[in-house]
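Data block below; observations after.
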Amino acid sequence: MNFAHEQGQVSVTTELSDRDREIIAFERQWWKYAGAKEQAIRELFDMSATRYYQVLNALIDSQAALEADPMLIKRLRRLRASRQRARSARRLGIQL
C-alpha cells in the first residue's frame with residue numbers, strides 16, 4: 001500500500017514510485033548531463049530545483065531508497081549531514 005501525498009511526496013511504504021527511481025538514477029549520474037543541474041532537473045522532472053530537493057531529502061530518509069541503492073543513499077546522507085553541520089557552525093560562529 002502506498003500513502004503518497006498528492007504533491008508527490010515519497011511514500012512511507014517499502015515501494016518506490018517510478019519517479020523516485022528516476023530521481024535516484026539521476027542523482028547517481030547527474031554530472032553526465034550537459035549544462036546546469038537545475039536545468040536538467042526542470043527538463044527531466046518538470047519541477048523546480050527547490051521541489052526536487054524536497055523530494056530528494058524525503059527519499060534520502062526512505063528505507064526503500066536505502067535498499068534500492070545503499071551506497072548512493074548513504075553518500076547523500078553523509079553530504080547532507082556535513083552541510084547541516086557547516087550551516088550550524090556558521091550560525092554559531094564556529095570555525096570547522
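Heads up: numbering here begins at 1 and tracks the sequence. These numbers come from the heavy atoms of this one structure, side chains and all, not from hydrogens, waters or symmetry mates.
By the side-chain contact (heavy atoms from CB on, under 4.5 Å) test, Asn57 pairs with Ile60, Arg80, sequence neighbours left out. Under the salt bridge (Lys or Arg N to Asp or Glu O under 4.0 Å) criterion, Arg21 pairs with Asp18, not counting sequence neighbours. For Arg90, the salt bridge (Lys or Arg N to Asp or Glu O under 4.0 Å) criterion is met by no residue, not counting sequence neighbours. Evaluation of the side chain to side chain donor-acceptor pair (under 3.5 Å) rule for Glu22 yields no partner, not counting sequence neighbours.
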Distance-only criterion, 3.5 Å: show the donor-acceptor pairs between side-chain atoms of residues 37-44 and protein atoms not counting sequence neighbours.
{"residue": "Lys37", "atom": "NZ", "partner": "Glu27", "partner atom": "OE1", "Å": "3.3"}
{"residue": "Lys37", "atom": "NZ", "partner": "Glu27", "partner atom": "OE2", "Å": "2.9"}
{"residue": "Gln39", "atom": "NE2", "partner": "Glu43", "partner atom": "OE2", "Å": "3.0"}

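Within the model, atoms CD1 of Ile23 and CZ of Arg28 stand 12.5 Å from one another, a figure rounded to the nearest 0.5 Å. Atom-to-atom distance recorded for Glu67:CD and Ile73:CD1 is 11.0 Å, nearest 0.5 angstrom. Note that the CG atom of Leu59 and the CD atom of Gln54 stand 12.5 Å from one another [nearest 0.5 Å].
Under a 3.5 Å cut-off, the side chain of Ser88 and the backbone N or O of Gln84 do form a donor-acceptor pair.
A 4.5 Å side-chain heavy-atom check between Glu15 and Asp20 finds every atom pair outside the cut-off.
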Candidate pair Leu56 and Ile24, rule side-chain contact (heavy atoms from CB on, under 4.5 Å), full reasoning: CA-CA 8 Å; Leu56 179 61; Ile24 290 171; over 6 Å; no

